[in-house]
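For ligands, and for the atoms within them, numbers begin at 1 and follow the listed sequence.
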Amino acid sequence: MKSEQEQLTEGMKDLGCEITPEQTSSLIAYLEALDVTNRSFNLTRIPRSDYVTLHLLDSLTALLALPKDKPLKIIDVGTGAGFPGVPLAALMPNSRVTLLDSTLKKVKFVEFTAHECGIKNCIGVHSRAETLATMPQHRNGYDVVVSRAVAAFPKLMEWLLPLAKVGGIVVAMKGSGYEQEVEGSDALVKRLGGKIEQLITTPLPGTDITRHLIIVRKGRAS
Ligand code: SAM
């Protein structure tokens, strides 16, 4: 049986991404804190034995969609227990990650725990995406808007695209069945100032699951 550290480092190799021993330790410490808190306070239904693959590696597939050459302002909409935002913050120390959720107890947990685990380039924000998008400091404000398991594609576009900068991207992380969600949404995406630019499909290391990253580029303010 492989340790969680081994699962994570080997999985990252399979994804073609690098991870340092310090980043590995921080993320495993985060999982430990999540497991302890989850016993009294429902944050995730995924069992501990699947945390590395279904929380960390799945979140980190988003790296395949992100530009690597510059620090980014990222927002994770509906972060829940911190995914994908906390693993992305750990792996992108020069970027700033906003962890947004409409449930206060989740926001408090993710920010406090990430900072305790040495992942300090993230902040928690308690709000709804559609409310945040009415605030001038957030609307058209992020290089990358990412989200996993929050809403079907059309609703997600309504919530996420207003938060992206012009020239920035939205990354919708989807599992199987994404095609039906996306079908017929071109006009909506266009009305919101976006264009579906790329689809990245990758196996999730250590599983037979396929992850789909739908990348939408924002071409004009909305
Ligand atoms: N993204 C995490 C993951 O993949 O593990 C959590 C997914 S959980 C199923 C959905 C989360 O989105 C919940 O924590 C919920 O509170 C949050 N949420 C739902 N609608 C939202 C909205 N309009 N704005 C902000 N957060 C929202």
Side-chain angles (χ1 to χ4, degrees), residues 8 11 27-28 30-35 37-38 40-66 74-92 97-114 117 119 122-135 137-139 141-142 144-164 170-178 181 188 192 202 204 207 209-214 222:
L8 181 55
L27 287 173
I28 300 299
Y30 186 84
L31 295 188
E32 181 58 34
L34 172 59
D35 190 30
T37 308
N38 204 43
S40 50
F41 194 85
N42 186 27
L43 289 162
T44 179
R45 272 187 248 149
I46 290 174
R48 173 74 192 252
S49 54
D50 290 335
Y51 276 9
V52 171
T53 42
L54 299 187
H55 277 324
L56 296 185
L57 291 169
D58 192 37
S59 294
L60 290 168
T61 60
L63 289 172
L64 304 177
L66 304 191
I74 300 173
I75 183 166
D76 174 16
V77 172
T79 194
F83 305 108
V86 171
L88 290 177
L91 269 283
M92 303 176 77
V97 181
T98 298
L99 304 163
L100 175 73
D101 205 279
S102 52
T103 303
L104 182 60
K105 70 170 188 176
K106 294 181 181 175
V107 173
K108 284 187 172 167
F109 167 82
V110 291
E111 184 184 275
F112 176 81
T113 309
C117 295
I119 306 162
C122 57
I123 53 159
V125 172
H126 173 226
S127 184
R128 293 190 65 83
E130 55 275 43
T131 308
L132 212 69
T134 64
M135 302 176 185
Q137 68 271 35
H138 293 285
R139 195 174 184 95
Y142 294 88
V144 174
V145 186
V146 65
S147 191
R148 180 183 87 155
V150 172
F153 187 77
K155 178 56 71 190
L156 210 52
M157 290 302 102
E158 287 178 11
W159 286 348
L160 271 51
L161 263 168
L163 294 168
V170 164
V171 181
M173 305 181 73
K174 293 284 174 188
S176 59
Y178 76 94
E181 285 187 35
L188 170 72
L192 293 165
T202 177
L204 180 59
T207 72
I209 297 169
T210 302
R211 165 61 68 196
H212 306 279
L213 306 170
I214 306 163
S222 57

Could you list, one pair per line, each nitrogen or oxygen of ligand 1 together with any protein nitrogen or oxygen closer than 3.5 Å, giving atom names and the distance rounded to 0.1 Å?
residue: ligand 1; atom: 1 (N); partner: Gly78; partner atom: O; Å: 2.7
residue: ligand 1; atom: 1 (N); partner: Phe83; partner atom: O; Å: 2.8
residue: ligand 1; atom: 1 (N); partner: Arg148; partner atom: O; Å: 2.8
residue: ligand 1; atom: 4 (O); partner: Arg148; partner atom: O; Å: 3.3
residue: ligand 1; atom: 4 (O); partner: Arg148; partner atom: NE; Å: 2.6
residue: ligand 1; atom: 4 (O); partner: Arg148; partner atom: NH2; Å: 3.2
residue: ligand 1; atom: 5 (O); partner: Arg148; partner atom: NH2; Å: 3.0
residue: ligand 1; atom: 14 (O); partner: Asp101; partner atom: OD1; Å: 3.2
residue: ligand 1; atom: 14 (O); partner: Asp101; partner atom: OD2; Å: 2.7
residue: ligand 1; atom: 14 (O); partner: Lys106; partner atom: NZ; Å: 2.9
residue: ligand 1; atom: 16 (O); partner: Asp101; partner atom: OD1; Å: 2.6
residue: ligand 1; atom: 16 (O); partner: Ser102; partner atom: OG; Å: 3.3
residue: ligand 1; atom: 16 (O); partner: Thr103; partner atom: OG1; Å: 3.3
residue: ligand 1; atom: 23 (N); partner: Arg128; partner atom: NH2; Å: 3.1
residue: ligand 1; atom: 23 (N); partner: Glu130; partner atom: OE1; Å: 2.9
residue: ligand 1; atom: 24 (N); partner: Ala129; partner atom: N; Å: 2.9
residue: ligand 1; atom: 26 (N); partner: Ser102; partner atom: N; Å: 3.4

Expected list for residues 102-109: side-chain donor-acceptor pairs under 3.5 angstrom, two or more places apart:
none

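- Here the side chains of Val86 and Val97 are not in contact, with every heavy-atom distance at 4.5 Å or above.
- A donor-acceptor pair is defined here as one N or O able to donate and one able to accept, closer than 3.5 Å; such a pair exists between the side chain of Arg139 and the backbone of Ala133.
- When side chains are defined from C-beta on, Thr79 does not count as touching Leu100, because their heavy atoms never get closer than 4.5 Å.
- Of the possible polar contacts, none joining the Ser59 side chain to the Phe83 backbone as a donor-acceptor pair under 3.5 Å is found.
- Here the side chain of Arg148 pairs no donor or acceptor atom with the backbone of Lys174 at under 3.5 angstrom.
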